2 protein chains.
Amino acid sequence: MPVPRTIDRDARKAQLASAVWRIIVERGIGAVSVRSVADEAGVVVGSLRHVFPTRAELLEFSARLMVERATARILATPRSDDPVEFACAIMRHLLPLEPDSRAEFEVNLALIAESPALPSLVEIRDYATREVEELCHQAVELLTARPRDDTSLAAARHLHALVDGLALHLLTQPADADSTWATALLRAELASLTARSP
Amino acid sequence: MPVPRTIDRDARKAQLASAVWRIIVERGIGAVSVRSVADEAGVVVGSLRHVFPTRAELLEFSARLMVERATARILATPRSDDPVEFACAIMRHLLPLEPDSRAEFEVNLALIAESPALPSLVEIRDYATREVEELCHQAVELLTARPRDDTSLAAARHLHALVDGLALHLLTQPADADSTWATALLRAELASLTARSP
DNA sequence: GGCGTTCTAGCACAACCGTGCTGCCAAGAT
DNA sequence: ATCTTGGCAGCACGGTTGTGCTAGAACGCC
């Protein structure tokens, strides 16, 4: 049985997904169409549709890959002896401070804004939210060195809301504006968690 | 000089704007077109375009009216003797706890997500952000009873991020889910502000 | 070399989009 | 009664969208 030429489908998918991200960042989610994405990726529509038969599949994969990338980056955070600095380094990855994470958050927001029209993306978004929530729980556990209870649950929710709110504000200001205040705020919050623990 | 029949343009504009909101909430920002809005409002495209010649003007007015409505609702908050309860009542208006405020926040988010494509809406969004920021400053001043300085600025930013993060999380959960935890979290944060002041 | 399969390239179609434009209707001032 | 003008209804046009479908090109295996 002959096995004809095959391209690296995963690489091709990633190439197309990053084209999607670029368009979302530069022109908004509304500008994402099979044609604009194919153009941006430098392929023809036929090739794109050979890998992603429908637009929904294209967006779904793009969203999923984005979550994977973010997860990988967070897991790759170098351990630190200082708990506050370690937690801060992890949480910083959730803020749109660099082009990559900025794109990730922008895509995340686009998913929320378009969720009524794209129900298949809701579960991806919810999965990502649960992951971040779990991360906040772990951060609280690390800093307070206590098991989970009602107060630590509230603290985790507080931290989660704070991080996402900071992300929202960083996104609405220009990419090159001063953003040291956000890190400082985050570090102060994390430090106060250790201070409050007995 | 003859003066022919005139409709209440402001009422007509508000009618069309609320149709825009409904579509954003139910079908996402991507589903907002002159035709879908005219349908939803029960008028024909020609009539809509008589009031809003272009789609951009329609969206711009809808966004501006939304900010006005929110501002009015906040200003109408009854004063309370308890500073924490008063601040909490005001901040609750910024959370998507009821259909109206839910729609407002959803529209706000849609504006952010589509800002690359609709630059004219950016300044409206920025104006709304500044208003909320100012509100947070006033809340901090009220609770700590101290003038603005670096620490109160940080506290206001903290509060602002927390409120917007909470709003984001409330939006991603079903409209009828339990949301008492958000109010509790907010009240605790506001109470801790008074506690910290000397 | 020939075959078979994957990939590429693109046409076609129906639907939808924003917007320019043209009549028609109704109502109030004269 | 007539005239003037704001509002209503809708057609038309060029563009874009998602997707079905077909024909050819490129390549690994026999």
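Residue numbers start from 1 in every chain, and the chains themselves are labelled A, B, ... in the order their sequence lines are given, proteins ahead of strands. Because the structure is a prediction, the values reported are computed rather than measured. Computed over heavy atoms, backbone and side chain alike; hydrogens, waters and symmetry mates excluded.
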[N] OP1/OP2 closer than 4.0 Å to side-chain N/O of [X]:
X	N	result
A/Arg12	C/dT8	yes
A/Ser33	D/dT16	no
A/His50	C/dC7	yes
B/Arg9	D/dG7	yes

Does atom [atom1] of [X] have more than 12 heavy-atom neighbours from other groups under 6.0 Å away?
X	atom1	result
A/Glu98	CD	no
A/Arg102	CZ	yes
B/Asp150	CG	no

What is the distance from [atom1] of [X] to [atom2] of [N], rounded to the nearest Å?
X	N	atom1	atom2	result
B/Gln15	D/dG7	CD	C1'	14 Å
A/Glu57	D/dG20	CD	P	10 Å
B/Phe52	C/dG18	CZ	P	14 Å
B/Arg55	C/dC16	CZ	C1'	13 Å
A/Leu48	C/dT6	CG	C1'	16 Å
A/Asp39	D/dG18	CG	C1'	15 Å
A/Asp10	C/dC7	CG	P	12 Å
B/Asp8	D/dC8	CG	P	12 Å

Between the base of D/dG18 and the side chain of A/Arg49, is one N or O donor paired with an acceptor at under 3.5 angstrom?
no
Assess, by modelled atom type and distance only, whether the side chains of A/Asp178 and A/Thr180 contain a donor and an acceptor separated by less than 3.5 Å.
yes
Distance-only side-chain donor-acceptor flag, A/Thr54 / A/Glu57, under 3.5 Å
yes
Minimum-distance nucleotide to B/Ser47 side chain [options: C/dG18, C/dA9, D/dA9]
D/dA9
Of the listed nucleotides C/dA12, C/dT19, D/dG10, the one nearest the side chain of A/Arg35:
C/dA12
